[in-house]
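In what follows, a structure is listed as structure tokens, so that the remarks can point back to it.
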2 protein chains.
Amino acid sequence: MDACAHCAVRESAICHSLPEDRLEELSRYGRRQNVTRGQTLLWEGEDSLLVGNVIDGVLKLSASTWDGCDQTLGIAYPSDFIGRPFGTKSQQSVTALTDAMVCTFTRADFDAVAQRNPDLEHSLLQRTLSDLDHARRWMLLLGQKSAIERVASFLLEMASRLSEDGEDEAGRIVFELPFGRQEIAEVLGLTIETVSRQITRLRCDGLIETPGKRTIAILDREELETRAESA
Amino acid sequence: MDACAHCAVRESAICHSLPEDRLEELSRYGRRQNVTRGQTLLWEGEDSLLVGNVIDGVLKLSASTWDGCDQTLGIAYPSDFIGRPFGTKSQQSVTALTDAMVCTFTRADFDAVAQRNPDLEHSLLQRTLSDLDHARRWMLLLGQKSAIERVASFLLEMASRLSEDGEDEAGRIVFELPFGRQEIAEVLGLTIETVSRQITRLRCDGLIETPGKRTIAILDREELETRAESA
DNA sequence: CGGATCATTGACTGGTGTCAACTTAGGTGG
DNA sequence: CCACCTAAGTTGACACCAGTCAATGATCCG
């Protein structure tokens with residue numbers, strides 16, 4: 001299959017590091033797979049039998065405590081890598097937040113190809129290093145920030161990832177969240193009620209608008225950045 | 001120099017993946033460096049000019065909020081890798097918790113050697129992947145766990161990293177923390193007073209003893225594990 | 001002995017969680 | 001087309017955990 005050549009993330013996923021002929025080798029093992037919203041690809045604590053690239057859609061990585069509280073540990077967008085190569089168990093579940101398309105490999109196949117292609121490993125290393133940086137920045141948020149700071153930070157991050165076109169005619173930054181309130185709460189380590197209250201507060205203060213349940217319009221980006229840092 | 005051949009972490013740091021001759025190449029760029037307790041090797045937000053391996057001692061990775069609250073993002077033990085290769089800025093500071101010895105390289109030198117040695121990159125990838133797993137498990141703690149659960153989890157993790165010999169004659173697991181109370185608080189996203197209160201509580205409940213300020217003796221590991229999970 | 005640093009304890013406050021009621025939006029079927 | 005139903009979000013009242021501020025206690029060291 002030459003699906004890789006026309007892949008939407010051909011230039012941005014870790015595969016970009018492979019030349020044509022090596023790409024063909026990899027593509028023999030790959031499998032394009034549709035995932036429906038809510039579907040879980042990998043379960044926490046189970047053997048990570050597959051790894052892969054996100055082609056389209058948004059997925060979350062999550063783990064839960066003994067009593068069933070979920071914490072979202074990361075968010076995977078198109079061209080992100082998911083799963084745990086060279087390991088045994090996946091420490092987190094991977095679940096689709098939207099309908100999605102992923103390109104999967106069995107871990108064994110991927111590991112073997114990676115061993116033969118240092119450039120692929122280098123790309124994966126680069127990506128893993130920035131995932132680690134990102135996870136650690138999120139630790140600062142979870143460890144130290146107040147509810148309002150968390151929500152403001154979250155909206156700003158979402159804005160930068162999801163609003164391809166800058167501002168609309170009214171100077172607003174508008175985007176559609178792939179999250180419900182409960183899912184936002186799980187990202188931020190808060191409850192759904194607290195998230196709701198903080199969003200209401202930001203709306204009342206005139207920093208944002210919420211035209212639809214999952215739609216956010218940022219009116220005052222600067223002030224929102226202030227709220228993300230200080231009280 | 002043939003320091004590498006006799007290095008205390010020769011078999012466990014990422015260098016273990018290099019054969020003799022390649023190791024010699026790397027060693028030409030490396031510099032053994034003593035670090036005194038409290039000294040900071042890298043600053044948050046500054047260009048990560050150097051990277052390296054921890055040979056001896058314990059260091060912390062940390063970041064702080066605008067108002068000066070510190071959050072510890074990771075702990076580096078002997079054979080761990082520190083710094084951010086292939087990047088520009090270090091997202092976190094690296095500070096010694098104890099007097100330590102590190103083996104450093106300029107980032108430029110290391111990047112170049114890594115490019116020529118896929119095995120070295122593979123080791124670094126493995127290590128980075130497990131650092132990422134570890135950071136994400138910590139996110140679950142910061143996002144969802146109560147103070148008592150955090151402290152219990154912390155003590156158990158420290159026990160497994162620091163108590164080489166199992167139990168003493170009285171069946172206790174004894175170890176010396178490289179942390180003061182304030183530093184524990186920064187790891188757990190709590191205040192020093194809360195940490196102190198929870199440790200007192202565990203002592204009163206007969207699960208641990210604290211023979212010295214920084215010494216911990218675990219009396220009832222099982223019960224401590226229960227406290228780390230549930231209320 | 002006195003001072004400095006670190007840890008502990010107490011009293012109080014406040015932010016976030018909990019529980020419950022209500023609102024809104026969207027979809028289905030009569 | 002509207003009534004109803006359900007799921008999701010919002011709002012309010014209250015409780016409780018952890019933060020804050022302040023005082024006390026323990027160790028170490030000059």
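Below, chain A is the first sequence line, B the second, and so on; all start at residue 1.
Rounding to whole angstrom units, CG of residue A:Leu188 and P of C:dG15 are separated by 18 Å. Put simply, CD1 on A:Ile192 is 15 Å from C1' on C:dA21, counting in whole angstrom units. Rounded to whole Å, the distance from CD on A:Gln71 to P on C:dG17 is 11 Å. Protein atom CD of B:Glu186 is 12 Å distant from nucleotide atom P of C:dA7, rounded to whole Å. Counting to the nearest Å, the C1' atom of D:dT10 and the CZ atom of A:Arg201 are 16 Å from each other.
Counting only residues at least two apart or in different chains, salt bridge (Lys or Arg N to Asp or Glu O under 4.0 Å) contacts with residues 170-183 of chain A comprise A:Asp168-A:Arg172, A:Arg172-A:Glu209, A:Glu183-A:Arg214. Sorted by first then second residue, the salt bridge (Lys or Arg N to Asp or Glu O under 4.0 Å) pairs that include residues 185-197 of chain A, not counting sequence neighbours, are A:Lys60-A:Glu186. For residues 172-216 of chain A, the ring-ring contact (aromatic ring centres under 6.0 Å, His included) pairs, not counting sequence neighbours, are A:Phe154-A:Phe179.
Partners of B:Arg127 under the salt bridge (Lys or Arg N to Asp or Glu O under 4.0 Å) rule, at least two apart in sequence or in another chain, are B:Asp80. By the salt bridge (Lys or Arg N to Asp or Glu O under 4.0 Å) test, A:Asp56 pairs with no residue at all, sequence neighbours left out. Applying the side chain to side chain donor-acceptor pair (under 3.5 Å) test to A:Thr128 and every residue at least two apart in sequence or in another chain returns nothing. Among residues two or more places apart in sequence or in another chain, the side chain to side chain donor-acceptor pair (under 3.5 Å) test is passed with A:Ser153 by A:Lys145. Applying the side chain to side chain donor-acceptor pair (under 3.5 Å) rule to B:Thr200 yields no partners; only residues at least two apart in sequence or on another chain are considered. Every residue meeting the side chain to side chain donor-acceptor pair (under 3.5 Å) condition with A:His134, not counting sequence neighbours, appears here in chain and number order: A:Glu157.
Residues from residues 173-183 of chain B lying near DNA chain D, meaning a heavy-atom separation below 4.0 Å, are absent.
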N/O to N/O distances under 3.5 Å, protein versus nucleotides 16-22 of chain D:
from: D:dA18; atom 1: OP1; to: B:Ala147; atom 2: N; distance (Å): 2.7
from: D:dG19; atom 1: OP2; to: B:Thr191; atom 2: N; distance (Å): 3.4
from: D:dG19; atom 1: OP2; to: B:Thr191; atom 2: OG1; distance (Å): 3.1
from: D:dG19; atom 1: OP2; to: B:Thr194; atom 2: OG1; distance (Å): 2.5
from: D:dT20; atom 1: O4; to: B:Arg197; atom 2: NH2; distance (Å): 2.8
from: D:dC21; atom 1: N4; to: B:Glu193; atom 2: OE2; distance (Å): 3.1

Distances for protein N/O vs nucleotides 26-29 of chain D N/O pairs under 3.5 angstrom?
none

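Here A:Arg214 lies out of heavy-atom contact (under 4.0 Å) with every strand.
Geometrically, A:Arg31 does not engage A:Phe105 in a cation-pi contact defined by less than 6.0 Å to the ring centre and at most 45° from the axis.
Looking at A:Thr104 and A:Gln33, their side chains do bring a donor and an acceptor atom within 3.5 Å of each other.
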